[in-house]
Amino acid sequence: RRDHMPLYPLTPSQLNNVSVSDALAFIKSPTLMARRLSEILNAQEFIGLSLLTGRYSMEGGVIAVPKNEVIRADRSAETVAPGAEYKLTPLSKEQYDLYMASKRGLATEVTDEEVGRSKMRPIEDAAQFLKNELLFDANSLALAAITSKVTATIAASAVWNTGTPGKVIIKDVLRAQAQAKMLKQGFNIDTVVLPADDYAVVMPEIFDFLQRGSGTMPDLLNVAWLSTSDANFTNPLLLDRQRLGGIGREDIPSPEYRQVPDLNGINIGIELATLREPRADKTRIQARFPHVPVIVNPSAGLFITGTGL
């Protein structure tokens, strides 16, 4: 006879054999539910977290960021004679964009009858439902922010979808890197983002080309190649992940919520609460994602046009 629920995390066999009392105890615990959500989440699926690597705390519900961060001085370095003073250069006068805090979230409910009849199944379905919706929403929000700010383009030297275009693809990526470096803002294009169907076309061509040289998947030419099924663009997107921007987050002091544990060292920022409604014989599972995508350097990204993809 079991007097308490097995130690978490549960094995697949334990999940299939929990009792009704175990399932009810599980759904009442926001900590256990947050851990379960972290198990079915994949940090790499959150494309916005991968592309916008900065993390900003939104004090007072707002954050101000430069429209285009300037890292070059107004005056260039000069020869300094022995005993002479160094020439002063003023800090640049930057304009700022204001980003307001935003809380995205949704909830679902599991009735006691559902738990009594199917034990953990409705709880698992609820967790998967929340995961899917939060993932799609976060990716759409991040990609919309990026594509609305990144306007630079470079034309492909030839199409990417005819013949054996491996060399053409590599050449165009190198050209895009050179164009970014010519801005003399310290940008280093280190990522290519492709819609999932285009990724399936491009990657075999690059892999075949690099078979004759060197390179490992999916990091080729010191460039990470990422795919997303949530792309709102068709042209290949190239960017400097370290400089493009980040995610602004507001700390909301709600005692009912527990944060989803880090995934492979990445803090996702999703929070979850379970709220018992005894008058209706059900439990509400509520998840929120208080975040806003922040674009600091739009010039750290560009699109390659005319690829035929």
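Being a predicted model, the structure only gives us computed values, none of them experimental.
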Please name the pair of heavy atoms, one in G308 and one in N161, separated by the smallest distance, quoted to 0.1 Å. O-ND2, 2.7 Å
So does D112 get a backbone contact from the side chain of R117, meaning a donor-acceptor N/O pair under 3.5 Å? no
Can you list everything that forms a side chain to side chain donor-acceptor pair (under 3.5 Å) with T191? Sequence neighbours excluded, please. R241
Could you measure the distance from the CD1 atom of I189 to the CG atom of N222? Nearest 0.5 Å is fine. 13.5 Å
Residues two or more places apart in sequence or in another chain: which of them pass side chain to side chain donor-acceptor pair (under 3.5 Å) with T274? none
Is the shortest side-chain N to carboxylate O distance from R258 to E271 below 4.0 Å? no
Using atom types as modelled and distance alone, determine if a side-chain donor or acceptor of E114 lies under 3.5 Å from a backbone N or O of T111. yes
Kindly compute the distance separating CG (L141) from CD1 (I146), expressed to the nearest 0.5 Å. 10.5 Å
Output yes when a side-chain donor or acceptor of S19 lies under 3.5 Å from a complementary backbone atom of D22, and no otherwise. yes
With heavy-atom distances below 4.5 Å as the criterion, would you say the side chains of L143 and D230 are in contact? yes
Partners of N132 by side chain to side chain donor-acceptor pair (under 3.5 Å), sequence neighbours excluded? Q128
Looking at F26, I'd like to know if the NZ or CZ of R36 sits under 6.0 Å from its six-membered ring centre while staying within 45 degrees of the ring's axis. no
Rounded to the nearest 0.5 Å, what's the gap from CZ on R175 to CG on L302? Could you check? 10.0 Å
Please determine, by modelled atom types, if S254 and R288 share a side-chain donor-acceptor pair under 3.5 angstrom. yes
